[in-house]
Every structure is written in structure tokens, then in C-alpha cells.
Amino acid sequence: MQAKPSKDTNKQTKKKFFFSNASASARGSPGRCWGVCAARAGLAPCPLPPARLPPRPLPGDAAGGAGPARRRSSLAAQVAAAGCARRDNAGAPCLALGHLQVPLKPGRSLMDWIRLTKSGKDLTGLKGRLIEVTEDELAKHNKKEDCWICIRGFVYNVTPYMEYHPGGEDELMKAAGTDGTDLFDQVHRWVNYESMLKECLVGRMAVKSVAAPKEFSSTLSEEKKQLNGMLPERKVLGASAKDLTPSYDWFQTDSLITIVIYTKQKNMNAELVIVDCQEKRLRGEIIVDEHSYLVEVDLDHAVQEDMAVNISEKVGKVEITLKKKDKINWKTLGRPLESHNTFVKHSDRGLFYRKCKLVSKVEVTHDTKLFCLMLPKSTRLHVPTGQHVYLKQIIAGTEVVKPYTPVLPFLPLDFKEPSHRDGEHIYLMIKIYSCGLFTQALDHLQIGDYISVSSPEGNFKKSQVQTSEDLFLLAAGTGFTPMVKLMNFALTEVSCVRTVKLIFFNKTEDDILWRNQLEQLALKDERFEVQFILSQPTKDWMGKQGKISPSLLSEFVKRNRKDSKVLICICGPTPFTEQGVEYLKDLGYSQEEIHAFTA
Ligand code: FAD
Ligand code: NAD
């Protein structure tokens with residue numbers, strides 16, 4: 001198939017094609033009580049019997065989930081954060097601020113770390129004892145050779161981990177002897193440090209009693225304690241915002257239970273509603289701007305797998321209808337779970353996973369496959385354009401979590417229909433790295449196997465595209481994945497879009513993802529153009545070559561008109577994204593006109 005030549009370049013193109021050549025675990029916390037944590041996560045048991053510390057609510061429980069995740073908003077920060085998501089050297093998760101990765105010594109990969117944690121070596125220096133740590137005690141352990149860090153009320157001796165940390169020792173040292181929760185959350189709140197550092201667990205922060213703030217009393221009445229001032233701050237809205245807090249009600253007939261959530265928001269849609277019903281546990285999450293409202297109950301009686309979710313978009317009402325297994329009268333909806341009826345910042349809500357079935361695995365290129373995962377029947381989840389999910393697997397006894405950006409099953413060529421809204425499947429286009437820890441394990445999954453998939457995350461907002469006239473998509477390798485839904489959305493639902501131009505950087509021709517489909521789309525829709533740029537082409541390559549550079553960008557990224565509303569999205573390896581953003585700024589594009597996809 002052939003793609004049409006670009007309007008602005010490449011007269012020398014010999015071929016007809018226009019070759020513009022070109023990764024919380026169930027992160028509540030480390031377990032509900034000592035000793036249960038490991039079993040719950042499918043890990044080796046804690047080194048000591050549970051009785052060493054008295055059971056008490058976990059920090060995450062008390063706070064209704066995760067600690068504050070004050071994300072750095074600047075683009076530079078976003079890009080920096082992505083540095084840790086790269087696993088070029090080690091594949092080990094970054095536990096500190098997101099700066100670029102540092103080269104790790106040989107033998108310091110994530111797999112090496114996992115091996116060390118399984119070796120039986122005493123990594124805390126406490127011979128398996130778990131202790132209560134005061135703030136003063138924590139502060140004493142602030143040197144590389146003796147470094148303790150508190151994350152969500154739990155204290156870890158990270159000295160043995162120093163050399164394995166992809167972000168480098170200095171990054172880790174920024175939190176030495178202190179509460180590192182904020183630093184950690186700013187970058188990778190999804191990283192399952194509980195699992196990764198379980199052998200480094202020193203103990204919990206000692207508890208000191210404080211009076212609970214008034215606003216908390218309805219949802220936190222049982223929680224009057226704070227962990228040495230290190231309890232993750234719970235985000236509860238002030239009085240005026242309280243009026244906007246969603247609420248819920250429920251009613252029943254002989255055979256049905258209906259839960260009604262009044263979101264108090266107009267323009268509710270399926271992407272803002274996530275419902276899971278696992279056995280008797282019902283979880284309904286509503287996303288309201290930066291916040292999340294949760295209905296979470298252990299249902300009074302069993303229900304059938306089948307359920308219905310109806311959204312009245314204009315009035316903002318969400319109805320979840322469950323079918324009773326037995327036609328009996330329910331006295332209550334059920335037992336409220338820890339985060340039931342809470343309205344918190346979305347970033348403070350723990351990641352929730354459900355098991356999805358692998359239903360197909362199709363080759364896209366020599367090293368990239370399209371995985372189709374089927375959501376459980378009793379899950380309603382739509383991953384919004386520009387957002388990613390986390391996959392979780394137990395590898396060598398340790399939970400490993402990596403981010404992936406869902407795509408469509410194929411590129412629709414007919415943009416008359418609204419974008420593909422399947423809702424039952426999640427499609428992931430994943431490059432299998434020959435020495436990749438996670439992708440190798442993924443590739444070994446058999447059809448019919450299950451894998452845990454999180455709810456969506458990400459800071460891209462569709463509204464960024466909704467006013468764009470010229471959309472430029474700079475993608476490198478699998479950095480193409482967020483662009484798939486994005487171009488589909490722009491071409492289908494954004495009436496003001498005049499051009500969508502994909503500039504796709506790859507190493508070789510064989511690496512180009514969905515090349516044929518892209519070329520077909522360019523032929524079919526005159527608003528769409530594609531440029532392939534290869535960094536390691538063969539001699540036969542007639543098109544553009546090179547890596548991202550100011551000259552390439554000035555050639556391909558041009559406003560149609562002086563006052564065109566432009567959005568440039570960029571995604572790929574971190575150096576690519578970082579350089580791209582800098583070059584674009586040098587070319588005069590403002591920060592608002594650029595969106596960098598990062599972790
Ligand atoms: P690791 O064990 O971490 O690394 C092993 C080797 O693989 C490394 O030495 C290196 O040579 C190579 N390698 C690993 N990761 C990278 C990398 N990121 N860049 C370059 N080389 C690497 N990947 C997809 O295939 N599809 C997606 O849709 C996708 N979406 C993502 C979304 C986000 C928000 C982020 C941050 C990343 C995304 N990734 C995606 C990358 C993915 O999360 C993993 O990093 C990747 O699958 C490698 O994991 P691994 O454990 O197999 O490799
Ligand atoms: P790759 O190694 O095949 O490289 C593809 C192209 O990227 C190269 O041809 C080159 O043009 C460019 N490139 C690579 N390294 C570069 C460098 N150091 N400087 C400038 N340009 C460079 O790419 P891949 O293996 O497919 O990796 C894709 C990357 O995209 C991964 O790092 C992945 O984590 C990231 N990704 C991020 C998201 C997200 O949303 N944040 C989504 C998907 C993929």
C-alpha cells in the first residue's frame with residue numbers, strides 16, 4: 001500500500017511511499033497484618049512470626065489508601081520521571097525521585113536483586129526481628145552504609161539495595177533517615193516496593209496519638225492515631241467542595257440490587273466509571289476531575305457475575321445493577337470496606353487490579369506482539385485516550401509491575417463511527433526484549449492464562465486535543481502506543497482538527513509498527529500523514545534517516561497557519577522525549593503546546 005506524499009516535504013522520495021523514515025501492587029500496604037502480607041502477595045513469608053508486633057491498622061488503611069502523590073507538573077519533571085521507568089540497565093524499579101538512570105554495575109539487575117532477597121541473607125541487620133522505629137531513631141540511619149527510609153509508615157533498610165537502584169545511590173540518599181513517601185509517590189507510586197523490599201523491612205514507625213481532624217470523623221472514626229506524624233495525609237475536601245462530594249443509595253427488588261451513585265457532575269461518561277464485582281466484593285469508582293469517589297462493600301449476599309452499569313450522562317447518575325443469586329430480602333447492602341464512601345484525590349487512591357484472561361497474542365513485528373486481554377464479566381472499565389495501565393506478575397516469587405498503554409485492535413480506517421468502544425477487551429502492543437524481565441514472562445503466558453491489570457492512570461487530558469487544529473505525534477518505537485487512540489480520537493471526534501501528522505522514529509524498516517495500516521490510513525484520510533524516520537536503515541532505504549534533531553523537527557513540525565492551534569505529543573525512550581521537548585521549545589513551541597508521555 002502506498003501513503004500519500006506529505007504536503008510540505010520530500011520531493012526526492014523515490015518510492016511511492018512517503019518514507020519519512022523513521023512500563024502498588026495491590027498497594028494498599030505491606031499487608032493487613034504482619035505475616036499476612038507475604039501470603040497475600042504470593043511471596044515468601046515474613047522472616048518472623050506475625051506476633052512480634054501487635055496487629056493494628058496499617059498506614060494505608062488509616063489513610064484510605066496511598067500517601068500523597070504530589071506529582072511534579074513541569075514537563076521537565078515529567079520527563080525526568082520517565083527516566084526511572086526505563087529499564088535499560090537493570091530493570092529494577094526506581095525508589096526515589098525521577099532522574100535519569102545511572103549505569104549499574106554488572107550483576108546489579110532486578111533479577112540479581114531478587115536472587116539476593118531469596119538468598120536468606122540478613123538484609124536488615126536485625127536477624128529477622130521487626131522493630132518499632134521512632135522518628136529520632138530513623139534520623140540516625142542516614143548514611144549510605146546505614147540507610148533507613150520510611151515509606152507509608154514502614155521502615156526499610158535500603159543500604160543493601162543501593163547498588164541495585166536504577167536511579168542511583170544519590171537519589172535514594174535524598175530520603176535517607178526520613179519519610180520518603182512523598183519522594184517515592186512523586187515518581188512511581190505504582191512501584192511495588194513492599195514486595196521488592198520485603199527482606200529489607202525493619203519495622204513500623206512508632207505510633208503517637210493525635211486527635212482526628214473533624215472532617216475525617218465520618219469516614220475515619222475508628223482511626224485516631226497517626227504514625228509519628230508520618231501518616232500519609234488524607235485528602236478531604238473543604239466545606240464548599242463537600243457539596244460536590246458524590247453520594248450513593250441503594251434499593252432492591254426480588255431479583256435485583258441497584259446501587260445509585262449521584263456524582264453531582266455533568267458529562268459523566270464510561271471512562272469515568274470503573275466497576276468491579278469480585279465474588280461478594282463490589283467496588284465502584286467514579287473519577288471526578290482530580291478526585292475519586294469509591295463505593296466499596298462486601299455485599300450482604302451473593303450476586304451473579306452478570307451486571308449492568310447505566311450512566312445518565314447529563315444528570316451525572318450512575319446505576320449499578322446486580323442480579324441476586326437467591327431471591328431473598330437483603331437487610332443491608334453489605335459491610336463497608338475500608339475506603340467505602342470516600343472522596344479523595346485520585347492520586348491518593350491505591351491501584352486496584354483485576355485478573356484478565358489472555359485471549360490472543362498476535363505478532364506485529366519480529367519482536368512486538370499484540371496481546372488481547374479479556375476483562376472479567378463483572379468489570380466495567382474503559383481506558384481513556386492517553387492513559388496507561390499497570391500489569392502485575394509474580395516473577396521468581398516477587399511482584400513486578402510495569403506500565404503499558406492500551407491500543408485499539410487495529411487502526412479503523414473509517415472515522416465516521418465514534419472510536420472503538422469495546423469495553424470487554426484491552427489490547428496491548430508490547431515489545432518483547434530478549435533480556436527483559438517482565439516482557440519475557442509475558443511472552444511465556446499461554447492463551448487462557450490470567451494476568452493482573454490495574455485501573456487506568458495518566459495525566460493526558462482529551463481536552464488538550466479538543467481545541468487543536470494541527471496535531472503532531474512524535475513517536476519512537478513502542479512510544480507509538482499512546483498515539484494509536486490519540487489519532488483515532490482526533491480524527492473521529494475533534495471537528496476542528498485539520499491535520500494529524502505522525503512522525504514515527506524506528507531503528508529499521510522491520511521495526512515499524514502497523515506500517516501497512518498507517519499507510520492505508522494516510523491514503524484514505526487526507527487529514528492524516530505519516531513520516532517514517534529510521535536510525536539504522538539498510539542501504540535500500542529511500543526515505544529519511546537519523547534521530548530526532550532540530551533540523552528534522554523544523555522540517556516536519558510546521559504550523560499550517562501562523563495562528564494555528566497546535567498540539568505536539570511525544571513518546572519514546574527517555575532521551576528521545578527529553579531531547580524532543582527541548583528542540584521543540586527551541587523552535588518556539590510553548591509548554592502548553594507540548595505533551596510528553598512519561599510514566
Ligand atoms: P527490563 O528487564 O526492564 O529490561 C531489559 C532490557 O530490555 C534492557 O537492558 C534494555 O535493553 C531493554 N529495555 C527494557 N526497557 C526498555 C525501555 N523502556 N526502553 C528501551 N530499552 C528497554 N512498552 C511496550 O512495549 N508497550 C507499551 O505500550 C508500553 N507502554 C508504556 C507506558 C509507560 C507509561 C511507560 C513508562 C512504559 C511503557 N512501556 C511500554 C515500557 C514497559 O513499561 C517496560 O519498560 C518494557 O516492557 C520493558 O520491560 P522488561 O521488564 O521486559 O525489561
Ligand atoms: P527503540 O530502541 O527501538 O528506538 C526507537 C527509536 O527511538 C530509535 O530509532 C531512535 O530514533 C529513537 N531513540 C532511541 N534511543 C534514543 C536516544 N538515546 N536518543 C534519541 N533518540 C533515540 O525503542 P523501543 O525499544 O521501542 O523503546 C520505546 C520506548 O518508549 C521505551 O523506552 C518505552 O518505555 C517508551 N514508552 C513510553 C510510553 C509512555 O507512555 N510513557 C509508552 C510506550 C512506550
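In what follows, residues are counted from 1 in the order of the sequence shown. Order of listing sets the numbers, starting from 1, for every ligand and every atom in it. Because the structure is a prediction, the values reported are computed rather than measured.
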If hydrogens are left out, which of [options] has an atom nearest to [atom], that is, the closest non-hydrogen atom?
{"atom": "atom 30 (N) of ligand 1", "options": "Asp367, Thr405, Val401, Leu110", "answer": "Thr405"}
{"atom": "atom 21 (N) of ligand 2", "options": "Phe576, Phe460, Phe480", "answer": "Phe576"}
{"atom": "atom 26 (N) of ligand 1", "options": "Lys369, Met429, Gln387, Lys402", "answer": "Met429"}

Tell me whether [X] is salt-bridged to [Y], with the criterion being a basic N under 4.0 Å from an acidic carboxylate O.
{"X": "Lys565", "Y": "Glu593", "result": "no"}
{"X": "Lys461", "Y": "Glu290", "result": "yes"}
{"X": "Glu363", "Y": "Lys369", "result": "no"}
{"X": "Lys198", "Y": "Glu194", "result": "no"}

Closer than 4.0 Å to some heavy atom of [X] - which atoms of ligand 2 meet that?
{"X": "Thr405", "answer": "40 (O), 42 (C)"}
{"X": "Gln579", "answer": "19 (N), 20 (C)"}
{"X": "Pro575", "answer": "17 (C), 18 (N), 19 (N)"}
{"X": "Asn506", "answer": "9 (O)"}
{"X": "Phe505", "answer": "5 (C), 6 (C), 11 (O)"}
{"X": "Thr598", "answer": "41 (N)"}
{"X": "Thr481", "answer": "42 (C), 43 (C)"}

Query raised in the report: What's the verdict on side-chain hydrogen bond (donor to acceptor under 3.5 Å, both in side chains) for Ser292 and Glu285, showing C-alpha distance, side-chain angles and the deciding distance?
Result: CA-CA 7 Å; Ser292 142; Glu285 182 174 5; 2.9 Å; yes
If I apply the N/O under 3.5 Å rule, does [X] come out as touching ligand 1?
{"X": "Thr598", "answer": "no"}
{"X": "Ile430", "answer": "no"}
{"X": "Gln440", "answer": "no"}
{"X": "Lys431", "answer": "yes"}

Looking only at distances, can you tell me whether any N or O atom of [X], backbone or side chain, sits closer than 3.5 Å to an N or O atom of ligand 2?
{"X": "Thr478", "answer": "yes"}
{"X": "Lys431", "answer": "yes"}
{"X": "Phe597", "answer": "yes"}

**Report entry** Parallel, tilted or perpendicular, as decided by the 30° and 60° cut-offs, for the rings of Tyr427 and His425
**Finding:** tilted
Query raised in the report: Using 30° and 60° as the class limits, which term best fits the ring planes of Tyr161 and His165: parallel, tilted or perpendicular?
Result: tilted
Query raised in the report: Are His388 and Tyr404 close enough that their ring centers fall under 6.0 Å?
Result: no
Query raised in the report: Is Tyr404 near ligand 2, meaning one of its heavy atoms is under 4.0 Å from it?
Result: no
Query raised in the report: Closer than 4.0 angstrom: is that true for some heavy atom of His388 and an atom of ligand 2?
Result: no
**Report entry** Flag if over 12 foreign heavy atoms under 6.0 Å of NE2, His444
**Finding:** no
Query raised in the report: So with a 6.0 Å cut-off around NZ of Lys361, is the heavy-atom count from everything else above 12?
Result: yes
Requested in this report: Looking only at non-hydrogen atoms, find the nearest pair between Gly580 and Leu553 and report the distance.
Outcome: O-CD1, 4.1 Å
Requested in this report: Specify side chain, backbone, both or neither for Thr439, according to which of its non-hydrogen atoms lie closer than 4.0 Å to ligand 1.
Outcome: both
Report task. Could you tell me which residues satisfy side chain to side chain contact (heavy atoms under 4.5 Å, CB included) with Thr365, sequence neighbours excluded, listed by chain and number? Result -> Asp367, Thr368, Leu513
Report task. Test side-chain hydrogen bond (donor to acceptor under 3.5 Å, both in side chains) on Arg354 and Ser454 and set out the steps. Result -> CA-CA 7 Å; Arg354 72 280 302 150; Ser454 80; 5.7 Å; no
Query raised in the report: Side chain, backbone, both or neither: which part of Ala476 has a heavy atom under 4.0 Å from ligand 2?
Result: both
Requested in this report: May I ask you to identify, for Gln536, whether its side chain, its backbone, both or neither come under 4.0 Å of ligand 2 on a heavy-atom basis?
Outcome: neither
Query raised in the report: Does Cys435 come within less than 4.0 angstrom of ligand 1, counting non-hydrogen atoms of the residue?
Result: yes
Requested in this report: Would you mind listing which atoms of ligand 1 come within a distance below 4.0 Å of any non-hydrogen atom of His388?
Outcome: 34 (C)
